[in-house]
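Notes follow the structure.
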Amino acid sequence: MKKLEIKPFDDFWLNCGFNNNFSILTSYNKKYKELAYLNGYKYQAYNEWSPKHIALNNSSRIQDDIIGQVICKEYFLVEYSEKNANNLINMLHDNNIMIRVDLYNWLPNSSSWHKEHNYHYSLLSDYDEAKQEIVIIDDDNRGYGVKSIPYKRFLKCINDEESNITGYIIHIKNEIDYELNMNDILYHANILLDNIDFFYRENDFWKVQVNEKGENLCKFYAFEVFKIENRQKANLELVKCLYDKKYINKNIYEYLKKEFIYLKIEWERIKNILLKDYMYSANNVATNIDKLNLLKTNCIKKEIEIWKKFKCL
């Protein structure tokens with residue numbers, strides 16, 4: 001198959017894996033945008049290393065099944081060397097490649113730049129021989145989109161913890177039909193309503209200021225809330241799509257649009273309080289816990305009302 005010209009999926013941002021997958025899918029066929037809008041998410045309060053906070057867990061079986069049927073990711077692992085790195089660059093002429101990179105030296109406008117050795121997968125788009133730069137699709141503090149990496153910095157960042165270069169060659173396997181529908185939305189709405197009540201009742205989030213490694217958590221909390229804010233952008237796209245398909249009338253659409261705009265603004269407000277505390281409070285800790293939990297409770301209450309409204313449509 002001819003190399004796919006991948007364009008960034010930047011309608012909203014959830015995480016690098018989600019946006020990479022939907023950049024591939026929607027570049028192959030724009031119809032998959034509807035799949036991206038699907039409300040397949042839940043909230044979570046913990047992960048392996050952080051105490052109670054609020055994060056978004058994108059967990060749609062429907063999305064995962066279609067991604068797995070359409071996209072084939074052919075894994076590769078080679079010993080780190082400049083020769084193997086150049087072979088990889090030469091492959092970009094005919095192939096789409098996703099590669100694991102160390103974010104410490106990757107993008108100057110990212111939160112990891114010269115601070116932390118975190119790894120994730122970046123999409124390689126092309127090689128600009130005149131500028132000696134690798135063209136990539138990735139996210140930094142300026143958003144998700146097309147960026148450029150100088151060749152020498154690229155060489156430094158693709159060397160993993162075991163002196164290997166690892167990644168995937170991307171192929172399209174099948175074209176699977178999908179059209180957004182109310183059954184799928186109600187399926188996920190029921191899952192979300194079962195999940196979300198805990199976050200309405202609990203009011204002691206964000207209290208712990210450092211994790212077991214002694215790392216400050218305030219910026220991490222804000223980053224997780226940023227994903228929730230972005231999910232409200234996705235929900236706005238979702239209800240616009242439903243209106244265009246005539247699943248909902250104009251009155252319902254205007255109501256839902258107003259409610260999701262409210263949620264986007266309020267989650268952004270929570271994020272900004274956390275960031276302000278990170279920048280200006282003593283030891284960069286959250287100092288407005290009661291206010292944050294009150295705002296959170298209002299947001300969760302509103303979202304419960306919205307998804308219950310869907311069940312009555």
Side-chain angles (χ1 to χ4, degrees), residues 10-15 18 33-34 36-45 53-60 143-144 180 182 184-206 218 221-278 286 288-313:
D10 57 3
D11 293 22
F12 58 92
W13 185 87
L14 292 185
N15 57 56
F18 180 94
K33 278 198 172 191
E34 294 184 9
Y37 303 150
L38 189 61
N39 56 327
Y41 66 96
K42 296 185 292 187
Y43 292 96
Q44 63 182 40
H53 63 289
I54 300 180
L56 193 80
N57 175 17
N58 203 72
S59 55
S60 169
Y144 181 81
L180 192 68
M182 288 299 290
D184 288 349
I185 291 166
L186 290 172
Y187 167 76
H188 287 298
N190 284 323
I191 292 172
L192 185 54
L193 285 168
D194 287 342
N195 155 261
I196 204 172
D197 185 59
F198 169 82
F199 296 89
Y200 177 68
R201 291 182 285 103
E202 294 292 313
N203 284 295
D204 59 348
F205 297 98
W206 304 301
C218 203
Y221 292 150
F223 178 71
E224 293 300 317
V225 170
F226 177 62
K227 296 178 188 176
I228 301 173
E229 176 195 339
N230 267 268
R231 181 58 234 187
Q232 308 315 317
K233 290 184 184 179
N235 288 335
L236 284 165
E237 296 288 353
L238 173 70
V239 296
K240 174 65 165 59
C241 191
L242 291 178
Y243 176 62
D244 290 343
K245 289 176 175 292
K246 297 182 170 46
Y247 281 115
I248 56 177
N249 63 36
K250 187 171 183 180
N251 288 338
I252 295 292
Y253 169 60
E254 293 297 336
Y255 159 78
L256 292 171
K257 184 170 85 167
K258 182 185 74 172
E259 299 297 83
F260 283 126
I261 288 173
Y262 169 85
L263 284 176
K264 180 191 175 302
I265 291 170
E266 290 302 290
W267 281 113
E268 184 179 19
R269 188 177 172 194
I270 292 171
K271 177 197 72 179
N272 288 340
I273 292 171
L274 286 163
L275 286 175
K276 185 176 179 181
D277 284 347
Y278 173 73
N288 294 280
I289 298 295
D290 291 340
K291 182 178 181 180
L292 287 166
N293 275 289
L294 179 60
L295 289 169
K296 174 276 306 175
T297 299
N298 290 337
C299 285
I300 297 297
K301 181 182 178 182
K302 179 71 69 178
E303 192 161 357
I304 289 171
E305 291 170 359
I306 291 169
W307 295 117
K308 283 185 175 179
K309 182 81 171 179
F310 266 89
K311 294 181 71 172
C312 297
L313 292 178

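Between the Glu229 side chain and the Val225 main chain, no donor and acceptor come within less than 3.5 Å of each other. Proximity of a side-chain donor or acceptor of Asn230 to a complementary backbone N or O of Leu14 within less than 3.5 Å is not detected. The closest donor-acceptor contact from the side chain of Asn39 to the backbone of Ile185 lies under 3.5 Å. With Asn203 contributing its side chain and Arg201 its backbone, the two residues share a donor-acceptor pair below 3.5 Å.
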Test Lys233 against Glu237 for salt bridge (charged side-chain N to carboxylate O under 4.0 Å, His left out), laying out the working first.
-> CA-CA 6 Å; Lys233 290 184 184 179; Glu237 296 288 353; over 6 Å; no

Walk me through it: do Ile289 and Asn293 pass the test side-chain contact (heavy atoms from CB on, under 4.5 Å)?
-> CA-CA 6 Å; Ile289 298 295; Asn293 275 289; 3.4 Å; yes

Quick one: do Trp267 and Phe260 satisfy ring-ring contact (aromatic ring centres under 6.0 Å, His included)? Show the steps, please.
-> CA-CA 10 Å; Trp267 281 113; Phe260 283 126; over 10 Å; no

Could you walk me through whether Lys257 and Ile261 pass the side-chain contact (heavy atoms from CB on, under 4.5 Å) test, one step at a time?
-> CA-CA 6 Å; Lys257 184 170 85 167; Ile261 288 173; 3.9 Å; yes

Could you walk me through whether Gln232 and Ile265 pass the side-chain contact (heavy atoms from CB on, under 4.5 Å) test, one step at a time?
-> CA-CA 9 Å; Gln232 308 315 317; Ile265 291 170; over 6 Å; no

Determine, stepwise, if the pair Tyr243 / Val239 fulfils side-chain contact (heavy atoms from CB on, under 4.5 Å).
-> CA-CA 6 Å; Tyr243 176 62; Val239 296; over 6 Å; no

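What you find for Phe12 and Tyr37 is that their closest heavy atoms are CE2-CD2, 3.8 Å. The shortest non-hydrogen separation linking Tyr255 to Lys309 is CE2-CG, 3.8 Å. For the residue pair His188 and Gly40, the shortest heavy atom distance occurs at ND1-CA, 3.5 Å. The two residues Cys299 and Glu266 have their closest heavy-atom pair at SG-CB, 3.4 Å. Nearest heavy atoms, Glu303 versus Tyr43: OE1-OH, 2.6 Å.
From Phe310, atom CZ reaches atom CG of Leu193 across 11.0 Å, with rounding to the nearest 0.5 Å. Distance CH2/Trp206 to SG/Cys218: 10.5 Å, rounded to 0.5 Å. Once rounded to the nearest 0.5 Å, the distance linking CG of Asn58 with NZ of Lys42 reads 11.0 Å. Annotation: the span from Arg269 atom CZ to Leu274 atom CG amounts to 12.5 Å, rounded to 0.5 Å. Expressed to the nearest 0.5 Å, how far CG of Leu242 lies from NZ of Lys240 amounts to 11.0 Å. A distance of 7.5 Å separates OH in Tyr253 from CG in Leu236, rounded to the nearest 0.5 Å.
Stacking of Lys296 on the aromatic ring of Phe205 is not recorded, the 6.0 Å distance cut-off and the 45° axial limit not both being met.
Inspection of the Asn235 and Tyr41 side chains reveals an N or O donor paired with an N or O acceptor under 3.5 Å.
Side-chain contact between Leu238 and Leu180 is present, with heavy atoms from C-beta onward closer than 4.5 Å. Residues Ile273 and Leu295 have side chains in contact (heavy-atom distance under 4.5 Å, counting atoms from C-beta outward). In this structure, the side chains of Asn298 and Tyr262 come closer than 4.5 Å at one or more pairs of heavy atoms.
Atom CG of Asp290 has 12 or fewer neighbouring heavy atoms from other residues, nucleotides or ligands inside a 6.0 Å radius. Counting heavy atoms of neighbouring residues, nucleotides and ligands inside a 6.0 Å radius, atom NZ of Lys301 does not exceed 12 of them.
In this structure, Lys308 does not pair ionically with Glu305, as no charged nitrogen and carboxylate oxygen lie closer than 4.0 Å. A salt bridge does not link Glu254 with Lys258: none of the charged nitrogens is closer than 4.0 Å to a carboxylate oxygen. A salt bridge between Glu34 and Lys245 is present, with a side-chain N of the basic residue lying under 4.0 Å from a carboxylate O of the acidic one.
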